[in-house]
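First the structure, in the form of structure tokens, and then the observations on it.
FYI, side chains are in, hydrogens and waters are out, and symmetry mates aren't considered; it's all heavy atoms of this structure. We count residues from 1, following the sequence as given.
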Amino acid sequence: MTDAVTLQLGEDGVLLAVMDLPGRPMNVVGDALMLGIAQAVERMADPAVKGLVLTSGKVDFCAGGDLDRMSRWTRPEEPFEASMAMKAQLRRLETQGKPVVAAINGHALGGGLEIALACHARIAVDDSRLKIGQPEVKFGLLPGGGGTVRLPRLIGIQAALQLMTEGTDLSPQKALALGLLAAVAQNRDDLLAQARAWVLAHPAPRQPWDEPKFRFPGGDSRSPAMAQLWTVAPSVASARTWGNLPAVQHIMSSVYEGGLLGFEAACEVESRYFAACAMSQASKNMIGTLWHQLNALKKGASRPAGQPAVKVRKLGVLGAGMMGAGIAYVAAKAGLEVVLLDSSQQGAERGKVWSQGLLDGAVRKGRSTPSKRDALLALITPTTDFAALSGCDLVIEAVFEDRAVKAEVTAKAEAVIGADTVFASNTSTLPITGLAQASARPEHFIGLHFFSPVDKMPLVEIIVGAQTSDATLARGFDFVQQIGKTPIVVNDSRGFYTSRVFATYVMEGIAMLKEGVHPRSIEVAGQQAGMPMPPLALQDEVSLSLSLHVAEQTRKDLLVEGRPTAEHPALSVIRDLCGIGRVGKKVGQGFYDWPGREAAVDGADAAGSDKGQSSEKGAKGEKRLWPGLAERYPVAEQQPAQRELMDRLMFIQANEAARCLEEGVLRSVADGNIGSIMGWGFAPFEGGALQFINARGVGAFVERCRELAVRHGPRFEPAALLVKLAAEGWPVADR
């Protein structure tokens, strides 16, 4: 017996089965849960049982498969057999002859949705925050519990493919419109009442695919109606993933082949493709980083031990540009009182209006209400008066990347805030220890580096200065989690971790342009390697003028420190284009022409917009590479192989990440991997910049770096840490 599913027979003859996996915060699909469902099926043989309502005793219905278990699989037989065993149990559930209803009280994702699909009907609480979907592709997997078989038979092949290959989730209303749900309920009591009523009203149901005359909605794989889809879908998927994510191809293959076969044969085909996904390097990378390492960080692996948890009640934000306004918005959304301070009242008000624009959009889309919008806006107080910062638990400056400006606002803020108030800088490059020299309390000074757009980007890089106390770090860490972001913690350094490594990507692309590599080849190489944006376009997003400013500031600082360095070959290109006014997307001209763009970004925005992933379309059309590039940087007759370009763009990042670990800038491998994926979009299927090295083998990585160094310069020389690990036969890991 198992206590993963408790059973209670009602007076109406309806058996209530409550999934509540012991010792876990959420229900996950595994042996214990499936055994509980099997026992529920056995109980249904009792003549007194008229049907079954399956629900959850936890906040969510079921979160999906047990990724901890999956990460231990070493042979393809293991995922294949686990997949077939789950489907055998679910097949018994749906064919035992009595009605089964899934009463979905919270998220039903992955394997959780597959359990619900094996029920004869699904009813969910009508909560827009409730998610229903098949996100397995985000871990390099496909739905292995019958999802690629049942979902197309329920809502049609095209709709099912979109859900599974994109990993998107649905609200209950959208799921209802698709035919995935039979009904929605107002609350849990209504949910159970409707589920019981459905059971009693359908005493002998059959799944659609078990009906003798069943037809796929919209046609099966051989139907003329699907011919165009199968002609186009593989090429569209290839263009989107560049072949880097095998799960997408395997999902399409499983659905296509399953659409030619009977139900049982289609289930076996799915299990074979599931095993192929589970054994892929991409899946191992993604589960290792985006599950194990991410969960460790969320649980506080980088937080100093022994420090009490403290919540921020009142937040001060200095600078109401795009970054400051974004920070104010996410803080207010989390229920914090926010003082948004700018040099002019008009600027401060404009920062608040930015939040109103986001909220108005949410109201239009039905994701919020006017009353909720107004309540959130009431939490933001725009002002020019530093005295309004009194009572703040935390103050974040998000002003221009200039030491003097930052020092001025630091002094003004510290004159009015409490003695134990934490002061944070949102700088993306300037060392925190240096900025803290302007503070009378450097132990309370820390870096909180947000990414643009703040409302969408999930990461905050916390930078610990030389005198930052553990109590200050703990408060910063707790605040980041309080506003729903993922924190990584790094030690102080010029550019810290994310800005430092991100810069190597765009600078390498620009160096290629200078060498005569065709700009289109450079851009394709970045995307083909798995980066979300190509390097030249991304540099335009950042702005060339900001990069030039940072480079010049760095050069001056290093001269003062007695550490002059050789200029990167890309810098002359940036200086050249800035000289003719092509400073990036903000003015509509950079490496690209950006139709419809205007110079709307102020200095405060630029200070934190270094790694945002903005739209590639202007108001009047798509961006296009500036034709004048060919005149200023002629294309060489002999072009390098595309693999060479891809390796340069990726190896330069991974090698720099290893240097950050070697120098102690990175405190852990998890911080490095999560920071690279969530911070600047390092190819997720690679599992992060440091896992990129491990997946290839440290020895092979070192060898390839040395080859690149011979051809392209000493910046590719492997980090000393990697040379040592290669000699000792160790991977990159925490020790």
Any donor-acceptor N/O pair, [X] side chain to [Y] backbone, under 3.5 Å:
X: Gln481; Y: Phe477; value: no
X: Gln482; Y: Ala334; value: no
X: Gln345; Y: Pro382; value: yes
X: Thr421; Y: Cys392; value: yes
X: Lys406; Y: Ala438; value: no
X: Gln134; Y: Gly110; value: yes
X: Thr241; Y: Gly243; value: yes
X: Asp671; Y: Leu666; value: no
X: Glu523; Y: Ala537; value: yes
X: Ser499; Y: Thr429; value: no

Walk me through whether Glu414 and Ser439 qualify under side chain to side chain contact (heavy atoms under 4.5 Å, CB included).
CA-CA 8 Å; Glu414 288 190 348; Ser439 171; 2.4 Å; yes

Would you tell me whether [X] and [Y] have side-chain atoms, one donor and one acceptor, within less than 3.5 Å of each other?
X: Glu397; Y: Thr410; result: no
X: Gln539; Y: Ser547; result: yes
X: Thr383; Y: Thr381; result: no
X: Gln691; Y: Asn673; result: no

Are the side chains of Leu67 and Leu141 in touch, meaning some heavy atoms are under 4.5 Å apart?
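A side-chain contact under 4.5 Å exists here.
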
Pairs flagged by salt bridge (charged side-chain N to carboxylate O under 4.0 Å, His left out) wherever residues 128-137 is involved - sequence neighbours left out
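Residue pairs with at least one partner in residues 128-137: Asp127-Arg129.
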
What pairs meet the salt bridge (charged side-chain N to carboxylate O under 4.0 Å, His left out) rule with one or both residues in residues 313-323, with sequence neighbours excluded?
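Applying salt bridge (charged side-chain N to carboxylate O under 4.0 Å, His left out) to every pair that reaches into residues 313-323, excluding sequence neighbours, yields Arg313-Asp393.
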
Can you measure from OG1 (Thr554) to CD (Glu552) and round to the nearest 0.5 angstrom?
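So the OG1 of Thr554 and the CD of Glu552 are separated by 9.0 Å.
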
Decide yes or no on side chain to side chain contact (heavy atoms under 4.5 Å, CB included) for Leu318 and Phe423, but give the supporting numbers first.
CA-CA 11 Å; Leu318 311 183; Phe423 189 94; 4.0 Å; yes

Can you sort out the partners of Glu408 under salt bridge (charged side-chain N to carboxylate O under 4.0 Å, His left out), two or more places apart, ordered by chain and number?
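Listed in chain order: Lys412.
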
List in chain and number order the residues that pass salt bridge (charged side-chain N to carboxylate O under 4.0 Å, His left out) with Asp374, two or more places apart in sequence or in another chain; answer none if no residue qualifies.
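None.
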
Give the minimum heavy-atom separation between Pro684 and Met286, together with the two atoms involved.
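Shortest heavy-atom separation between Pro684 and Met286 comes out as O-CG, 3.5 Å.
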
How are the rings of Trp680 and Phe682 set relative to one another: parallel (under 30°), tilted (30 to 60°) or perpendicular (over 60°)?
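It falls in the perpendicular class, over 60°.
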
Phe496 vs His449 aromatic rings, parallel, tilted or perpendicular, using cut-offs 30° and 60°?
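Judged by the thresholds at 30° and 60°, the geometry between Phe496 and His449 is tilted.
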
Trp242 vs Gln528, test: side chain to side chain contact (heavy atoms under 4.5 Å, CB included). Steps then yes/no.
CA-CA 5 Å; Trp242 295 89; Gln528 193 170 358; 3.8 Å; yes

Throw together a table of side-chain donor-acceptor distances under 3.5 angstrom for residues 487-494, partners on residues two or more places apart or in other chains.
unit_1: Asn491; atom_1: OD1; unit_2: Arg667; atom_2: NE; d: 2.9
unit_1: Asn491; atom_1: OD1; unit_2: Arg667; atom_2: NH2; d: 3.1
unit_1: Asn491; atom_1: ND2; unit_2: Gly664; atom_2: O; d: 2.7
unit_1: Asp492; atom_1: OD1; unit_2: Ile432; atom_2: N; d: 2.9
unit_1: Asp492; atom_1: OD2; unit_2: Ile432; atom_2: N; d: 3.2
unit_1: Asp492; atom_1: OD2; unit_2: Thr433; atom_2: N; d: 2.7
unit_1: Asp492; atom_1: OD2; unit_2: Thr433; atom_2: OG1; d: 2.6
unit_1: Arg494; atom_1: NH1; unit_2: Asp557; atom_2: OD2; d: 3.0
unit_1: Arg494; atom_1: NH2; unit_2: Glu561; atom_2: OE2; d: 3.0

Check Arg659 with Glu656, please: is the shortest side-chain N to carboxylate O separation under 4.0 Å?
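Judged by the 4.0 Å cut-off on N to carboxylate O distance, Glu656 and Arg659 do form a salt bridge.
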
How would you list all residue pairs meeting ring-ring contact (aromatic ring centres under 6.0 Å, His included) that involve residues 530-550, not counting sequence neighbours?
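Counting only pairs at least two positions apart or across chains, the ring-ring contact (aromatic ring centres under 6.0 Å, His included) contacts touching residues 530-550 are Phe400-His549.
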
Do Leu448 and Ile462 pass the side chain to side chain contact (heavy atoms under 4.5 Å, CB included) test, and can you show the C-alpha distance, the side-chain angles, and the key distance before you say yes or no?
CA-CA 5 Å; Leu448 292 179; Ile462 303 176; 3.8 Å; yes

